[in-house]
Amino acid sequence: MTITQLQYVLAVAEHRNFTLAAEKCFVTQPTLSMQIQKIEEELGIQIFDRTKKPIQLTEIGQKIVSQAKNIVNEADRMQDIVEQQKGFIGGEFRLGIIPTVMPTLLPMFLSNFIKKYPKVRLIIEELNTDEIITRLKNGHLDAAIAATPLADEKIKEIVLYFEPFVAYIPESHQNFAKTAIDVEDLNIDEILLLQDGHCFRDGILNLCRNAGKPEHSKFQIESGSFETLIRLADEGLGITLLPYLHTLDLNEKGQARLKHFKEPKPAREVSLIYPKTELKIQIIEALRSTIAGVIKGAIVFQDIKIISPLQKK
């Protein structure tokens, strides 16, 4: 059997369809089917149950796919070893970034990274955390930037920074007159949230639960962007919480509506995450150092309380 044949097996296992797998591997469907059949004949087993729709892995097929992933990863690692020995930092690198980090962090480091490492071809996608985890495990991403901790044994995390939460409160709200607010001042009934699927939303809900507030609002407004939430707050429909970096570009009027939390400040942990196989680790380290260089000074590291979807009390 060959590495290419194993890659075909992994493609079918992922897509559960021979035609789609062939398209993803840039070969014809008969070619892919023939190569997989050769492996099955060589091993004397069936990897896929073709009678089911979509195609399913057999019991032994599940074990074969698990081992195939290890073999393909180790084959990729050999090229990594050679490139590290040569000090080469280049090639294609697929990076996922969660939506609440992408608009603020990416412009801060992308230009610097491209200039410093011109041989790296970055392919960047905006994805939610669940999509990122799936793609990292399937080998479709080399690394990602997400809110952590994830507590996933197959993924490594390097903390990049801690980003405080900041409240955006209109003049009509009772807490506007305060110079700083407490977590206990939050009421989930008044908070405008991002739509479901955003980990920043989960952090806010967790923060409010920890504050012991009810969750019975007269109306519910959820949006996919902070800009919309800010505009709704400006109309007196509630307040919202923003990640600190997102507040830096607000105009003077918007800045006046920001209320920072008293110590310890609630915050989220943002990390560079990647599979424990550590493929392309030289590019991962280059990303880490570049981001560390630009983020330094942008966020004041103080005594902060980390709010994470996994840290529920």
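Side chains are part of it too, since the values below use all heavy atoms of this structure and drop only hydrogens, waters and symmetry mates. What you see is a predicted model, and the numbers here were worked out from it, not measured in a lab.
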Under 3.5 Å, side chain of [X] to main-chain N/O of [Y], donor-acceptor pair present?
| X | Y | value |
| --- | --- | --- |
| Thr104 | His246 | no |
| His173 | Asn175 | yes |
| Lys280 | Glu92 | yes |
| Lys116 | Asn112 | no |
| Asn251 | Lys253 | yes |
| Thr58 | Gln46 | yes |

Distance only, no hydrogens: is a donor on one side chain within 3.5 Å (strictly under) of an acceptor on the other, for [X] and [Y]?
| X | Y | answer |
| --- | --- | --- |
| Glu14 | His140 | yes |
| Ser33 | Gln37 | no |
| Glu269 | Thr148 | yes |

By ring-ring contact (aromatic ring centres under 6.0 Å, His included), Phe93 pairs with (sequence neighbours left out) none

Presence of salt bridge, Asp185 and Lys259, under 4.0 angstrom: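 Salt bridge absent between Lys259 and Asp185.
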
Is it true that Arg288 and Glu285 have a side-chain N and a carboxylate O under 4.0 angstrom from each other?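 Salt bridge: yes.
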
Just so I know, are the side chains of [X] and [Y] near enough to count as touching, which here means a heavy-atom distance under 4.5 Å?
| X | Y | value |
| --- | --- | --- |
| Leu43 | Ile60 | no |
| Leu136 | Lys154 | no |
| Lys178 | Ile169 | no |
| Ile64 | Leu57 | no |
| Pro164 | His260 | no |
| Ile47 | Val9 | yes |
| Val12 | Asn17 | no |
| Leu250 | Ile230 | yes |

Side chain to side chain contact (heavy atoms under 4.5 Å, CB included) partner of Leu127, chosen from Leu141, Ile98, Ile97, Thr134: Leu141

Would you say Leu279 ends up clustered with Leu10 if hydrophobic residues are merged whenever their side chains have heavy atoms under 4.5 Å apart, either directly or through other cluster members? no

Would you check, one step at a time, whether the test side chain to side chain contact (heavy atoms under 4.5 Å, CB included) holds for Ile295 with Leu245? CA-CA 10 Å; Ile295 204 70; Leu245 288 179; 3.9 Å; yes

On the 0 to 90° scale, with breaks at 30° and 60°, tag the Phe113-Tyr117 ring pair as parallel, tilted or perpendicular. tilted

Passes side chain to side chain contact (heavy atoms under 4.5 Å, CB included), Ile158 versus Ser271? Steps please. CA-CA 5 Å; Ile158 302 176; Ser271 299; 5.7 Å; no

Within a reach of under 6.0 Å around CD of Glu59, are more than 12 heavy atoms found that belong to other residues, nucleotides or ligands?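 Incorrect, the count does not exceed 12.
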
Apply side chain to side chain contact (heavy atoms under 4.5 Å, CB included) to the pair Leu105 and Glu163, showing each step before the final yes or no. CA-CA 11 Å; Leu105 182 62; Glu163 184 174 23; over 6 Å; no

